[in-house]
Amino acid sequence: MDEPPKMKDNNLQILPIKPEEQESRARKELHYNIPDPYKGQLLVIAAPIRSGKGVLIQNFLLNPNFYADLFQDVVIISPTIFNDSTARFSAEKWKSTCYANYDDSIISELWANQKEKKKAAVLDPSQDTGYCLIGDDLVGILNNHHSARKGGEFISFATRFRHMVRKGDPAMIIYSGQKYNNTSSILRSNMTGLFLSGNMKSGKEIQAIKEDIGDTFGGHAAIDTYLDRAREKPFSWLYFRLDSTPPEVYLDFQERLF
């Protein structure tokens with residue numbers, strides 16, 4: 001009988017995997033207080049109408065203090081992308097990959113494109129495989145209801161999105177909606193960050209948020225405290241960072257609350 005292999009020592013510490021060479025590629029310097037796409041980000045934005053969701057998304061895409069020029073490809077799916085003045089600059093910059101109506105084929109094409117980019121990057125390490133996918137107010141498509149039959153490709157992609165870039169390149173999905181309760185439970189379970197507007201007033205919405213993340217961020221009463229702070233100034237945002245250890249809460253990216 002063969003003897004089992006002998007241990008080198010008695011150290012059973014779990015060791016990190018050696019990083020791939022391309023992970024040392026030059027990166028755009030980002031402020032610590034904002035989500036880090038180099039780690040892969042699935043962000044959910046929940047806020048009622050006229051809360052500034054569009055302004056927040058446009059700052060992500062175009063403000064040099066956020067992610068301007070970071071992503072090689074940007075795909076935007078939004079019913080208002082071509083008639084909302086807030087989004088006019090993005091609609092012009094990425095007009096070939098902006099869509100007013102959702103279709104699974106959009107995600108299938110993105111999926112195929114990312115696979116090709118990863119193959120090309122093997123031959124040419126200078127190639128960038130980064131991307132950003134935005135789904136804005138896709139009512140009835142990515143809803144958290146069994147009656148919503150569309151959106152299967154988006155949901156599937158969202159569970160694997162980090163693997164669709166070469167490790168070390170930026171990847172981000174942003175889903176924005178007026179009702180947190182209508183957001184797919186799969187997106188809610190996998191989100192790395194949640195943005196809540198101080199304009200949120202629905203008790204049912206707030207209760208659902210407490211049940212999902214309250215224990216992670218100091219308890220249900222703490223969520224009320226954060227929302228009270230966000231209501232002190234119009235168009236304020238709470239950023240619940242779920243992918244940090246320990247988890248963190250920021251007000252308008254400026255002040256850490258937790």
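All figures in this text were calculated on a predicted structure; none of them were measured in a lab.
- For the pair R241 and Y32, the cation-pi test (distance below 6.0 Å, angle within 45°) is passed.
- Here the CG-OG distance, from D73 to S96, works out to 8.5 Å after rounding to the nearest 0.5 Å.
- Residues L194 and Y180 form a side-chain contact, since some pair of their non-hydrogen atoms from C-beta on lies under 4.5 Å apart.
- For P48 against S51, the heavy-atom pair with the smallest separation is O-OG, 2.8 Å.
- Under a 3.5 Å cut-off, the side chain of D252 and the backbone N or O of Q254 do not form any donor-acceptor pair.
- Within 6.0 Å of CG on N101 lie no more than 12 heavy atoms contributed by other residues, nucleotides or ligands.
- A donor-acceptor contact closer than 3.5 angstrom links the side chains of Q58 and S90.
- Among all heavy-atom pairs drawn from I223 and G214, the shortest one is CG1-CA, 4.0 Å.
- The environment of K210 atom NZ is dense: over 12 non-hydrogen atoms of other residues, nucleotides or ligands sit within 6.0 angstrom.
- The closest side-chain donor-acceptor pair between Y67 and Q41, if any, does not fall under 3.5 angstrom.
- We find that K93 and D69 are joined by a salt bridge, their nearest charged nitrogen and carboxylate oxygen being less than 4.0 Å apart.
- Counting heavy atoms from C-beta on, the side chains of K167 and D169 never come closer than 4.5 Å.
- Side chains of Q114 and K117: a donor on one and an acceptor on the other come within 3.5 Å.
- The line from OG of S78 to CD1 of I134 is 9.0 Å long, rounded to the nearest 0.5 Å.
- To the nearest 0.5 Å, atom CG of residue L196 and atom OH of residue Y226 are 12.0 Å apart.
- No side-chain donor-acceptor contact under 3.5 Å links T192 and D243.
- Here E211 contributes atom CD and H220 contributes atom NE2; the two are 6.5 Å apart, rounded to the nearest 0.5 Å.
- Q207 CD: more than 12 foreign heavy atoms inside a 6.0 Å radius.
- Summarising the local packing, CZ of F89 is surrounded by 12 or fewer heavy atoms from other residues, nucleotides or ligands at distances under 6.0 Å.
- Side-chain heavy atoms closer than 4.5 Å link hydrophobic residues (I, L, V, M, F, W, Y) into clusters, and following such links, possibly through other members, connects I77 to I155.
- If you take CG on L238 and CZ on F253, they are separated by 10.5 Å, rounding to the nearest 0.5 Å.
- Pairing each heavy atom of Y38 with each of P170, the nearest pair is CE2-CD, 3.8 Å.
- K115 and N113 share no donor-acceptor pair across their side chains, judged by distance under 3.5 Å alone.
- Between S176 and K53, the shortest heavy-atom distance links the atoms OG-CD, 3.2 Å.
- For Y99 and F154, the ring centers are positioned 6.0 Å apart or more.
- The CH2 atom of W111 lies 4.5 Å from the CZ atom of R160; values are rounded to the nearest 0.5 Å.
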